[in-house]
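Atoms within each ligand, like the ligands themselves, are counted from 1 in listed order. Keep in mind that the numbers below use all heavy atoms, side chains included, and drop hydrogens, waters and symmetry copies.
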Amino acid sequence: MKKYHKKNIATKVLHAGNHPEEGSGAITPPIYQTSTYIQKSPGKHNGYEYTRSHNPTRTRLEENLAAIENGKFALATASGMSAIMLIMHMLPANSKIICGDDVYGGTYRLFTTVFHERHQFIFLDTTDTKNVKKVIKKEKPQLIWLETPTNPLLKITDLKALAEAAKKEGAVTVVDNTFMSPFFQNPLSLGIDIVVHSLTKYINGHSDVVGGAIILNNKKNYEKLFTLQNSIGPSQSPFDSWLVLRGLKTLAVRMRTHQENAVKIAHFLEQHPQVERVIYPGLKSHPQFKLASTQMNGFGGMITFFIKGGIRAAKKFLENVEYFSLAESLGGVESLIEHPAIMTHASIPPKIRQQLGITDNLIRLSVGIEDVDDLISDLKKGFKAV
Ligand code: P1T
């Protein structure tokens, strides 16, 4: 695993974990579609006993994930949410958790309706580094949960600064790196303790798998998380692990195209008369453009914008685009479009959504790898229908 750490990610996605199968020499690793493994004598085996605990296809994926996030250990889970759940279970009861105020609606729901009785959550705007530092010092939390850029408002948090502040108080830091993928951002290299991914998104990239991952360097925490995964059961299946390994091979080429298209579309939207405001970390108008430029290796493929004309205009627009499919999720090769207030972030109470700025005229784009001129024509069609 370690030998790949100094290689470029475009090489790692192809080679880490992807060693040819020993028996036949098959260059594509097989799918070990098995639930159990033969033992020579009770307790005497080749390291594999039962697929909930270990599976060779999943091991290969975990080796790859660790390498591309510059971590020592990785766990592949059945969904992004189950990866997040395992981290919540890892903490002692009554832990204090500082959480960014703009996170995926499902994460917010998990924290406020499942784990709210076990832990105490403090939601904060983590773009305000000074204030977060102050709260860390005062509250001495066990864990700090960050998304950057956030879902859906694409706010950027200063990871180096907060990792440093958290370390001083003994708090564990977690970054959900789903939006950037390891191609554009490596939180572990910035001092963060644990990285989480929804593999469903850019890492798999083909909208045909639901999966999650946890990547970290601390062996003790890895062992705790492994025991939890093995005990609770949300392990990634062999077939889905294989599909993600396959999808990963093109991560570099996909991410470059996602970004190239997103930059052009963000500029197109910014000058459009029917657009109130565009949020994209690669635009100079983004309030944290400078931080984004230094902390990340790129700006990604996610854009949000506020359309003029309120909910009616938003709905008309969403109903009339064609290549941007109206669907939840993101990070696949095909472009997706959605309405956070009604769809992905509906579980956030309306009052809090309003306070955060997730308004009824907010539209989120996951820019795919189609021809960018076709995508822009499609958006023009949507505006015309409004
Ligand atoms: O869907 P799942 O694989 O369980 O992952 C959950 C998740 C975790 N973290 C982030 C940042 C996410 O965006 C998601 C899932 N998000 C969507 C489905 C969405 O459309 O935003």
Side-chain angles (χ1 to χ4, degrees), residues 61 65 69 75-88 99-115 126 145-157 159 174-182 184-185 187 192 194-215 229 232-237 240-241 243-244 247 258 279 281 296 300-304 318 324-332 334-348 353 356 358 362-368:
L61 172 61
L65 292 169
E69 273 293 11
L75 285 168
T77 59
S79 64
M81 291 321 300
S82 59
I84 300 171
M85 170 200 66
L86 291 178
I87 295 171
M88 288 300 111
C99 179
D101 61 359
D102 183 43
V103 289
Y104 167 54
T107 306
Y108 181 87
R109 182 177 53 205
L110 182 74
F111 292 173
T112 56
T113 66
V114 180
F115 282 101
T126 53
W145 190 277
L146 303 165
E147 266 181 31
T148 178
T150 57
N151 182 0
L153 295 168
L154 306 174
K155 298 197 285 188
I156 314 282
T157 293
L159 294 183
V174 183
V175 168
D176 182 334
N177 201 24
T178 300
F179 266 38
M180 276 298 104
S181 92
F184 285 130
Q185 181 168 265
I192 294 295
I194 301 177
V195 166
V196 165
H197 279 284
S198 166
L199 297 179
T200 318
K201 315 297 190 268
Y202 288 110
I203 289 190
N204 178 57
H206 292 75
S207 307
D208 50 13
V209 166
V210 172
I214 303 172
I215 303 130
Q229 183 181 42
I232 301 171
S235 313
Q236 184 58 296
S237 73
D240 283 353
S241 297
L243 281 172
V244 178
H258 281 299
I279 311 175
M296 308 174 341
M302 299 300 296
I303 302 173
T304 49
L318 291 163
F324 280 92
S325 302
L326 179 59
E328 301 200 7
S329 202
L330 58 113
E334 59 288 284
S335 293
L336 296 183
I337 193 164
E338 68 113 7
H339 188 272
I342 297 176
M343 296 165 71
T344 52
H345 292 69
S347 54
I348 298 176
R353 274 204 315 261
L356 289 172
I358 305 174
L362 179 68
I363 291 173
R364 191 187 76 181
L365 304 178
S366 170
V367 178

Report yes if [X] has an N/O atom closer than 3.5 Å to an N/O atom of ligand 1; otherwise report no.
X    : answer
I84  : no
R364 : yes
M81  : yes
T107 : no

Taking I342's backbone N and O only, do any of them form a donor-acceptor pair with H339's side chain (distance below 3.5 Å, no angle check)?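 Pair found, side chain donor or acceptor close to backbone of I342.
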Look at the side chain of E338 and the backbone N and O of M343, then say whether any donor-acceptor pair between them is shorter than 3.5 Å.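 The answer is no, because no donor-acceptor pair under 3.5 Å joins these two groups.
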Is the shortest heavy-atom distance from the side chain of T107 to the side chain of E147 under 4.5 Å?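 Counting from C-beta outward, T107 and E147 do come under 4.5 Å.
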Within a distance under 4.0 Å of any heavy atom of [X], pick out the atoms of ligand 1 and give their elements.
X    : result
T344 : 19 (C), 20 (O), 21 (O)
N151 : 13 (O), 21 (O)
D176 : 8 (C), 9 (N), 10 (C), 11 (C)
E147 : 11 (C)
T200 : 2 (P), 3 (O)

For ligand 1, which part of K201 has a heavy atom less than 4.0 Å away: the side chain, the backbone, both, or neither?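 Just the side chain.
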Using a 4.0 Å heavy-atom threshold (strictly under), name the region of L330 that reaches ligand 1: side chain, backbone, both or neither.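 Contact part for L330 vs ligand 1: side chain (C-beta onward).
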Kindly compute the distance separating [atom1] ([X]) from [atom2] ([Y]), expressed to the nearest 0.5 Å.
X    : Y    : atom1 : atom2 : value
L330 : F179 : CG    : CZ    : 5.0 Å
L356 : D102 : CG    : CG    : 6.0 Å
F115 : I84  : CZ    : CD1   : 10.5 Å
C99  : D176 : SG    : CG    : 10.0 Å

Determine, step by step, whether V196 and V174 satisfy the side chain to side chain contact (heavy atoms under 4.5 Å, CB included) criterion, reporting the C-alpha distance in whole Å, the side-chain angles of both residues, the deciding distance to 0.1 Å, and the verdict. CA-CA 7 Å; V196 165; V174 183; 3.8 Å; yes
Is ligand 1 less than 4.0 angstrom away from at least one heavy atom of [X]?
X    : answer
G106 : no
G211 : yes
H197 : no

Is it true that the side chains of T157 and T126 contain a donor and an acceptor less than 3.5 Å apart?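 Yes, side-chain donor-acceptor contact under 3.5 Å.
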Checking side-chain polar atoms at under 3.5 Å, does H206 have a donor or acceptor matched by the opposite partner on E334?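 There is no such pair (donor and acceptor under 3.5 Å, judged by atom type) between the side chains of H206 and E334.
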Passes side chain to side chain contact (heavy atoms under 4.5 Å, CB included), Q236 versus T77? Steps please. CA-CA 5 Å; Q236 184 58 296; T77 59; 5.8 Å; no
Any idea which protein heavy atom is nearest [atom], and the distance to it?
atom                    : answer
atom 2 (P) of ligand 1  : G80 N, 3.4 Å
atom 16 (N) of ligand 1 : Y104 CE1, 3.3 Å
atom 5 (O) of ligand 1  : S198 OG, 3.1 Å

Who's closest to atom 20 (O) of ligand 1 heavy-atom-wise, of P234, A78, S329?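 Selected option, by shortest heavy-atom distance: S329.
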